[in-house]
Amino acid sequence: MTPRQRELYLKLRRRAGRVRARVRTLRSGPAAPPAPRPGRVPDVEREETNFGPLLDEAMFRARRRMRIGVDPDYDLVQQNFDVYHYALQAPRILERQGVDYVQHFLDSGVDTLRSPDVNFSMADYLQRYPERATGPERSPYLEWLKRGKAAGEIADPAPAIPQMAHVLGRSTEEVLDLLVERRTDLMQRLKTGELGEQIAKASEIEPLIGHAMPRFTRPRLLPFGHPPALEQLSVIHAVHEAVGFRRARLVLVINRPRWGGGRRMEGHLAHALVPDIEPHEVVVIYTDKSGESPAGRFPTGVHEIDFGALAENLEDDDAEAALVVLLRTFHADAIVNINSAMLYRAMRAFGRALTASERVFLCFFCSEQVPTGAWTSWSMRYFYRLYGQVAGVFTDSLHLAEELQRAYNIPESDRSRLQTLHAPVVRDLPFVEAAPAGDQRRPQVFWAGRWDRQKRVELFFAIARAMPDVDFRMWGEPVMTGRGRNVPRNVEMQGRYGHISELPLHEADVWLYTSAWDGVPSQLLEVGVTGVPVVGTLVGGTGEILTPEEAWPIAESAGADAYVAALREALADPIEARRRSGALRKRLLAERTEEDFRDQATRLLLLDRSATEGP
């Protein structure tokens, strides 16, 4: 239950209790003064408090109406009962004649969620332990007095006590004792001390101040304030605890650990900057979905935080606000948003505040087509909103960068903040120089990707059906395998791989890529340096990898026949196929070096702190 749901639940429960009490009154008619209970009158003295003689007299009479010595449960409640606190929760009870407050509480305390003393909250106790509402005792308060308190059950009205005890570095029991001590002292100062005297004098000048007396029953003791704010603070503390309460130089905010064994943009950035900063100074925050990143995506020592899971009890807007506060507390050189929906939504409200103190960068990839045929992307929704606020925007392809310049008419003077980061290739991937040997073997075509509309699995199956003499080996998300599809006999599903080096690339004659839209895919960069010939779609940024001299690029609008023809051509002349793949490998190794990427990423993201850092 989120804090807001909890507040609504308690409000509705209080309202339902009042309705039930009113219904009982209407059914029974005007209540006659109740007959005195058997038992003796407790020894009480009239108090003189800052609440005034009228209330003091009413409370004296209320205590005189109690009867003790007959019912042990009644006596136990009476010994811990604060008549001032009970009356101030619902001042209308003062208008009723002859009411025994203890008996009234035992009869209706659960329905009305009223509390017998300032350090016990019926609402919070039942929210934490709902089974106590129907327990063996006449009142949950009795259950707490007899057993719950000694067992460590929390009945204090302060919210989020266990979480805040952890934040404060104290035990829950210690925090509870401190809360009771401070709240009791505060109430005594209001009741008979100088604080209450000042309020009484102020009420003489402005009578409306006297109407605030019911609020005295619900004092908030800092830092135990608004429940959502405490949950936010607990989440922020949990993140900093996970990273060792150290600052960060680079914060990567990502929607989820993305599929595939390659480094992807986030991994390339972390590996590029770690030679200049310590691994623990890189923090990766997942905001939208949980999961695990593949081994090797980030350098050892980089912190990965599942913020979405930590903030699951927060409402969306509270989680977004907590994320913004968290990012500011890192004092990072750069914050990079890589597909984080939570951060994009947060920047609608907090973008200017965040970018006023932090250097925020947006990383955009290609647009995607929805089932209706329309196109969508983070760049379409947020480039025009945020380009004027952030420190910079970068893309993975020249194609997208040029598209953004053209679509939003970016002036020449402002184009330096829009850059393309050319992801480097991994030089030590397995290199298969020669085609697979054997005259009798069936040709092998490899394919990998998610089973979704972007990767066009049905197109892949159509190509396989048109080439029954060729074996097609398919890697992808195992949860999607065989989802009601008519898989051709010559397609062998291999499951999911962790890294491209795990594949038997020496058995591959051609790699097939059928994506309907893309930027510069990591998969093609990896395959491009392995020496395996590529037949792939020419769409978006794939043209930066696939050229007619080095591969077999297929027009975006082409059907299965065009892919079949290209595959036949590559399979028919393995020498030419390996010549093209060798040329592709040579170009990628020359153009996409880790050194060039590191230089560009360092200049873009890291600040020169040599003049500001002390010993």
Side-chain angles (χ1 to χ4, degrees), residues 247-254 258 260-285 293-304 330-339 358-365 390-398 400-401 415-429 431 499-501 519-530 541 544-545 584-613:
R247 60 155 296 173
R249 298 285 302 277
L250 174 66
V251 180
L252 302 172
V253 188
I254 310 172
R258 297 193 288 164
R263 289 182 176 176
R264 296 186 173 267
M265 181 61 77
E266 55 266 32
H268 287 307
L269 290 173
H271 281 275
L273 299 187
V274 159
D276 295 302
I277 62 178
E278 295 296 327
H280 66 76
E281 294 180 302
V282 179
V283 176
V284 179
I285 297 176
S293 62
R297 174 160 293 174
F298 300 107
T300 302
V302 168
H303 296 289
E304 296 182 68
F330 280 120
H331 301 288
D333 290 23
I335 299 166
V336 181
N337 184 356
I338 301 179
N339 293 340
E358 309 303 315
R359 298 174 69 239
V360 179
F361 294 83
L362 309 179
C363 179
F364 289 131
F365 301 101
V390 298
V393 169
F394 55 87
T395 70
D396 68 330
S397 70
L398 289 169
L400 179 56
R415 289 186 181 179
S416 61
R417 294 191 303 112
L418 174 59
Q419 300 191 29
T420 299
L421 284 180
H422 300 285
V425 295
V426 181
R427 307 181 70 89
D428 57 359
L429 286 176
F431 173 46
H499 193 267
I500 194 170
S501 59
V520 178
S522 300
Q523 185 185 110
L524 284 186
L525 292 176
E526 292 173 341
V527 175
V529 297
T530 64
E544 297 175 34
I545 303 174
L584 175 59
R585 169 184 165 84
K586 183 177 180 180
R587 178 172 63 84
L588 292 179
L589 290 175
E591 290 181 354
R592 294 178 172 268
T593 68
E594 292 187 354
E595 292 75 18
D596 289 344
F597 185 85
R598 179 179 298 118
D599 289 343
Q600 186 181 12
T602 300
R603 290 195 306 270
L604 183 66
L605 300 177
L606 292 187
L607 296 173
D608 182 8
R609 296 183 175 270
S610 59
T612 59
E613 291 184 346

query: Any ion pair linking Glu594 and Arg263 (charged N to carboxylate O, less than 4.0 Å)?
result: yes
Side-chain heavy atoms of Val251 within contact of Ile285, under 4.5 Å: yes
query: Going through the checks in order, is the side chain to side chain contact (heavy atoms under 4.5 Å, CB included) test met by Leu269 and Arg598?
result: CA-CA 8 Å; Leu269 290 173; Arg598 179 179 298 118; over 6 Å; no
- line: Here the gap from Gln600 atom CD to Thr420 atom OG1, rounded to the nearest 0.5 Å, amounts to 8.0 Å
- prompt: Taking C-beta and beyond as the side chain, do Phe364 and Leu400 meet within less than 4.5 Å on heavy atoms?
  reply: yes
query: Should Glu304 and Arg297 count as an ion pair when the cut-off is N to O under 4.0 Å?
result: no
- request: State the CG-CD distance between Leu588 and Glu544, to the nearest 0.5 angstrom.
  value: 11.0 Å
message: Measuring from atom CZ of Arg592 to atom CD1 of Ile545, what distance do you get when rounded to the nearest 0.5 angstrom?
response: 6.0 Å
Ser522 to Arg264 - nearest heavy-atom pair and separation: OG-CA, 3.8 Å
query: Hey, are the side chains of Ile335 and Val253 touching, using non-hydrogen atoms and a 4.5 Å cut-off?
result: yes
field: Face-on cation placement of Arg585 at Phe431 ring, 6.0 Å and 45° thresholds
entry: yes
task: Could you tell me the separation between the CZ atom of Phe597 and the NE2 atom of His268, rounded to the nearest 0.5 Å?
output: 6.5 Å
field: Minimum heavy-atom distance between Cys363 and Val336, given as atom pair plus value
entry: CB-CG1, 4.4 Å
- prompt: Do Val425 and Glu526 touch side chain to side chain, with heavy atoms closer than 4.5 Å?
  reply: no
statement: Closest non-hydrogen contact found for Leu421 with Met265 is O-CE, 3.8 Å
query: Would Leu604 and Gln419 satisfy side chain to side chain contact (heavy atoms under 4.5 Å, CB included), going step by step from the backbone distance to the final call?
result: CA-CA 9 Å; Leu604 183 66; Gln419 300 191 29; 3.7 Å; yes
query: Counting heavy atoms not belonging to Arg427, are there more than 12 under 6.0 Å from its CZ?
result: no
task: Check Val274 against Pro299 and note the closest heavy-atom contact, atom names and distance.
output: CG2-CG, 3.6 Å
statement: Across all chains, not counting sequence neighbours, the ring pair (Phe, Tyr, Trp, His ring centres under 6.0 Å) partners of Phe361 are none
query: In terms of side-chain heavy atoms, does Thr593 have a donor or acceptor partner in Asp596 at a distance below 3.5 Å?
result: yes
- request: Heavy atoms only: give me the nearest Ile254-Glu266 pair and the separation to one decimal.
  value: CD1-CB, 3.5 Å
- request: Heavy atoms only: give me the nearest Phe298-Ala270 pair and the separation to one decimal.
  value: CD2-CB, 3.8 Å
message: What I'd like to find out is whether the side chain of His422 reaches to under 4.5 Å of the side chain of Asp396, using heavy atoms alone.
response: no
message: With a 4.5 Å cut-off on side-chain heavy atoms, are Leu273 and Thr602 touching?
response: yes
message: Could you tell me if the side chain of Asp333 sits less than 4.5 Å from the side chain of Leu605, heavy atoms only?
response: no
message: Quick one, Thr395 with Leu418, criterion side chain to side chain contact (heavy atoms under 4.5 Å, CB included). Give me CA distance, side-chain angles, the key distance, then yes/no.
response: CA-CA 8 Å; Thr395 70; Leu418 174 59; 4.3 Å; yes
query: If we only count heavy atoms from C-beta on, is the Ile338 to Phe365 side-chain gap below 4.5 Å?
result: yes
statement: The reported gap from CD in Glu281 to CG in Leu606 (rounded to nearest 0.5 angstrom) is 9.5 Å
